[in-house]
Amino acid sequence: MSDQSLGLFNSFGRLMQNRVFLMAVAHQRDFAGMDGHHGNGRGQFRLLQLLAESPAGLTNAEIAEILDIRPSSVSATINRLEEVGLVERVPSQTDKRVVIVRLSEKGQQMSEHRDQGVAVMADKLFGSLTPDEQVDLQRLLDKLAKSAPELDLNDFMGHHRDHDWPQRPGWGRRWF
């Protein structure tokens with residue numbers, strides 16, 4: 001690894017150690033990707049994001065399909081969110097057998113507040129860059145994102161694939 005690459009890697013590490021930055025990135029609306037796919041986030045927060053993107057609401061079955069989780073898990077999550085007043089269940093106008101889940105007024109306010117907070121944070125973080133620097137950074141981050149899937153944990157750990165590491169009993173491949 002060159003000194004320049006190591007310096008860049010360390011700079012990314014310092015940025016990722018900033019808790020506020022890391023939390024904002026992990027929870028921002030486009031975390032799943034710019035292509036509109038919902039990723040594999042499955043918790044309460046992801047359900048709230050999904051409902052924020054669907055103002056008319058969704059059925060339990062639609063939520064289960066989109067988030068790729070069991071209907072029973074959807075129901076349990078909705079129950080918890082309903083208990084704290086973030087979602088509401090309303091009968092469908094077209095089919096009385098169907099219940100629509102949507103954000104409550106409190107849930108909408110929370111979503112809007114979060115979106116505003118992310119916008120303020122993005123302005124603070126990237127506001128010191130000129131528009132040209134922002135374009136360059138975006139281009140470079142896109143390029144890094146394309147090479148990230150090629151990263152291999154074995155390379156990080158300094159082990160080769162032909163070795164069964166680590167050799168201690170009980171550690172397995174997922175020791176950390």
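Quick caveat, the model's predicted, so the values are computed rather than measured.
Here CG of L6 is found 9.5 Å from OG of S11. Values are rounded to the nearest 0.5 Å. To the nearest 0.5 Å, the span separating CG on N10 from CG on L15 amounts to 12.5 Å. From Q138, atom CD reaches atom CD of Q134 across 9.5 Å, with rounding to the nearest 0.5 Å. Atom CG of L50 and atom CG of L67 lie 5.0 Å apart (nearest 0.5 Å). Rounded to the nearest 0.5 angstrom, E88 CD and Q108 CD are separated by 7.5 Å. Annotation: the span from S54 atom OG to R102 atom CZ amounts to 13.0 Å, rounded to 0.5 Å.
Two different hydrophobic clusters hold L51 and I100 under the rule that ILVMFWY side chains link at heavy-atom gaps under 4.5 Å. Linking Ile, Leu, Val, Met, Phe, Trp and Tyr whenever their side-chain heavy atoms come within less than 4.5 Å puts M16 and F126 in one cluster. Tracing side-chain contacts under 4.5 Å through hydrophobic residues (I, L, V, M, F, W, Y), one reaches V84 starting from L48; they form part of the same cluster. Neither L129 nor L140 shares a network with the other; the hydrophobic side chains, linked directly or stepwise wherever heavy atoms of I, L, V, M, F, W or Y lie under 4.5 Å apart, form separate groups for each. Residues L125 and F12 share a hydrophobic cluster, clusters being chains of Ile/Leu/Val/Met/Phe/Trp/Tyr side chains in contact below 4.5 Å.
Annotation: K143, atom NZ; neighbour count of heavy atoms from other residues, nucleotides and ligands within 6.0 Å does not exceed 12.
The two residues R89 and S75 make their nearest non-hydrogen contact at NH2-O, 3.7 Å. Nearest heavy atoms, E82 versus V87: N-CG2, 3.5 Å. Across S111 and L103, no two heavy atoms sit closer than the pair CB-CD1, 4.3 Å.
Judged as a salt bridge (Lys or Arg N to Asp or Glu O under 4.0 Å), and not counting sequence neighbours, R14 has no contacts. Every residue two or more places apart in sequence or in another chain was checked for a salt bridge (Lys or Arg N to Asp or Glu O under 4.0 Å) with E65, and none qualifies.
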**Message:** One pair to check against side chain to side chain contact (heavy atoms under 4.5 Å, CB included): R139 and D136. What are the steps and the verdict?
**Reply:** CA-CA 5 Å; R139 180 183 55 75; D136 287 343; 4.3 Å; yes

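Contact of the V74 side chain with the I69 side chain is registered, since non-hydrogen atoms from C-beta on lie closer than 4.5 Å.
When the options L58, L86, I63 are evaluated for a side chain to side chain contact (heavy atoms under 4.5 Å, CB included) with L47, the one that passes is I63.
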